Number of protein chains: 2
Amino acid sequence: MTTKTVIAAHSRLDARRRAFLDAASIVFLEKGYANATLGDIIEKSGGSRQTLYALFGGKQGLFEAIIAERNAEIFRPLRADDLHNRPPEDVLVEIGTRFLHRVLTPEALGAFRLVLAEGPAMKELSERFWVVGPGRTVTAFAGYLEELADRGALRLQDASLAARQFQGMLLGNFQIDCMLGVRELPSPGEVETFVKSAVARFLDGCRAR
Amino acid sequence: MTTKTVIAAHSRLDARRRAFLDAASIVFLEKGYANATLGDIIEKSGGSRQTLYALFGGKQGLFEAIIAERNAEIFRPLRADDLHNRPPEDVLVEIGTRFLHRVLTPEALGAFRLVLAEGPAMKELSERFWVVGPGRTVTAFAGYLEELADRGALRLQDASLAARQFQGMLLGNFQIDCMLGVRELPSPGEVETFVKSAVARFLDGCRAR
DNA sequence: AAATAACTGTACTGTACCGTACAGTACTTA
DNA sequence: TAAGTACTGTACGGTACAGTACAGTTATTT
C-alpha cells in the first residue's frame, strides 16, 4: 500500500465524513438529539447508512463528533496580538465583543443547548465541552486580569473570581434569553453598547477606594 | 352532588395528582424529557397509566404541569420587607444571596435545563418560563436600581441594562457550571463571599468618577 | 483489465414506548 | 347496602427508529 493510496483513500473518506458532519450538524441543532433520526441525516448527507456506521459507529458517535468540532470552532482561541500595549478598557472591550459575537450565534447557542440537554446522559461530553469552552475563556480572562493586577493597574483579591463575574456580566441575560428564544440575537451595535457599559462598570468597580 | 362530595373527590384526585407530579419531577429531572418513560413515572408514582391520562392528557401535559409548578416555587417573589431602610450594599447582598440560594438547587437547575432543552419544541413553555422566571427577577432588580438612581444614591444611564449585568454577574458561571455538572453546588459560604464581592464591585462601578 | 477498496440501497430484525380499551377492584356517599 | 365514583392492571395496537446483513454498484489502483 503506497502513500498515494492512503491519501486518496483518506480524501474520499474525509469527503463522506464531512458530508455526514454537515448534515448531522443541521439536523441535530434543529431537532435535538432524541428527535433527530439517522434517516434524516443520511438523506441530507447523500451518503448511506452503512458508511455512517463505518465512520462513526452509530448515533452517539456521530453526535459527539459534531459537538467536538463545533466546540473547537466556537471556542478556538481569541487572537489578541493586536492589543498588546493598549489600555485595559480597550483590551477588555475588544475581547469581550469578540467573545460575545462568537457565542451569540445560532450554531453556538444550539451546540450549547444540545450539550445541556444530553449532559446528564453523557457526562464526559459535558466535561470536555466545559474544558475547552467556558472554562478556557474564563481562565484566559483571569490570566489577563492577574497580569493587570501585577502591574498595579487593578486591585484584585481574586482574579479568578473577578473573571467569572466579568464573563457572567457579559453573557448576562443574552445567552439565556437567546437560548430560550424569547428575543432575537442582539445587533452588533447592541453588543458593543452592552460590552462598553459592562467593562466600564467592571473596571471602575475594580479601582474604587 | 353536594359540596362535601366535591371536596372529597378533589382531595382524592389531588393526592393522585401529587403522586404523579412528584414522581414525574424526579424522573424527568434525572433522565430528561425524551429519555423519561411513562412507565418509569407510573411505577414510581404507584398510580396507573389510565389515571395519568385522565389527569394530564399525556406525557407533554404532565411535563408542562411539573414545569409550571417548579417554576412557581422557584421564582415565587423574594420577600424583602425586612430590608426597607437598609443601605444598598446590604439590600443587594441580601437579595442576591437569597436569589442564588433559590436558583442553585438541583431542582431549579434541573427545571432550567429541561426548559432550555425542550424550548425549541415547546415555544410558549419557554416564554411562560421566562416571564415568571429570569424576566421577573431582572425586572425587580431594575426597579430597585432605578429607585436608588432617583434618590441619587447611584448614577445610572440605564437601570435595565445594569440590572441585567448584575444578574449575570451573580449567576455568573455558577449556573452554567452546575448545569453542566462539572462542579458541585457552592456552599453557603462560597455563595456569600461571591455575592459580597460582586455587589461591592458592581456598586463601586456605578459610583465611580 | 483485473483486483480491490469505497461505497450505496433495500430490506429486515428487534425493541422501546406512547396512547387506548376494557374489565375489574377499592373507596365514598346517601 | 346500593349506587356511583375513582381508580388499578393487563394487555394490545401502532409506530418509529437504531442497528445489521447482504447483494450490488461505482471509483481507484496496479
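Quick caveat: nothing in here was measured; it's all calculated off a predicted structure. Just so it is clear: chains get the letters A, B, ... in the order the sequence lines come, proteins before strands, and each one is counted from 1.
Rounded to whole angstrom, the span from the CG atom of A:Leu62 across to the P atom of D:dC17 amounts to 16 Å. For the pair A:Leu52 CG and C:dA6 C1', the interatomic distance rounds to 15 Å; values are reported in whole Å. Whole-Å rounding puts the B:Ile41 CD1 to C:dC18 P distance at 8 Å. Separating the CD1 atom of B:Ile42 from the C1' atom of D:dT10 is a distance of 12 Å, rounded to the nearest angstrom. Note: NZ (B:Lys31) to P (C:dA16) measures 12 Å, nearest angstrom. Computed from coordinates, the A:Glu43 CD to D:dC17 P distance equals 13 Å when rounded to whole Å. Across the protein-nucleic acid pair, A:Leu38 atom CG and D:dT20 atom P stand 11 Å apart, rounded to whole Å. Distance B:Gln60 CD to C:dG19 P: 9 Å, rounded to the nearest Å.
Among the heavy atoms of the strands, none lies under 4.0 Å from B:Gly57. Nucleic acid contact for A:Ala34: none, since no nucleic acid atom lies under 4.0 Å from a heavy atom of the residue.
Side-chain proximity of B:Arg16 to C:dG19, D:dT8, C:dT8: nearest is D:dT8. Checking C:dT8, C:dA21, D:dT20 against the side-chain heavy atoms of A:Tyr53 singles out D:dT20 as nearest. Picking from C:dC7, D:dC7, D:dA18 the nucleotide with the shortest atom distance to the side chain of A:Lys59 gives D:dA18. The side chain of B:Ser48 has D:dG9 as its nearest neighbour among C:dC7, D:dG9, C:dC18. The nucleotide whose nearest atom lies closest to any side-chain atom of B:Gln50 is, among D:dT8, D:dA21, C:dC18, D:dT8.
No donor-acceptor contact under 3.5 angstrom links the side chains of B:Ser197 and A:Gln157, judged on distance only.
The backbone N or O of A:Thr37 lies less than 3.5 Å from no partner atom in the side chain of A:Lys31, so there is not a single donor-acceptor pair.
For the OP1/OP2 pair of D:dA6 and a distance below 4.0 Å, the side-chain nitrogens and oxygens of B:Thr51 include no atom meeting the criterion.
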- Task: Report the C-alpha separation of A:Phe112 and A:Phe129 in whole Å, then their side-chain angles, then the decisive distance to 0.1 Å, and conclude whether the ring pair (Phe, Tyr, Trp, His ring centres under 6.0 Å) test is met.
- Result: CA-CA 9 Å; A:Phe112 209 114; A:Phe129 175 82; 5.2 Å; yes
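Side-chain contact between A:Phe56 and A:Glu64: absent, with no pair of heavy atoms (C-beta onward) separated by less than 4.5 Å.
By the 6.0 Å contact criterion, CD on A:Glu192 is open, its count of non-hydrogen atoms from other residues, nucleotides or ligands being 12 or less.
For B:Arg49 and C:dG19, a side-chain-to-base donor-acceptor distance below 3.5 Å is present, hydrogens and geometry of angles not being considered.
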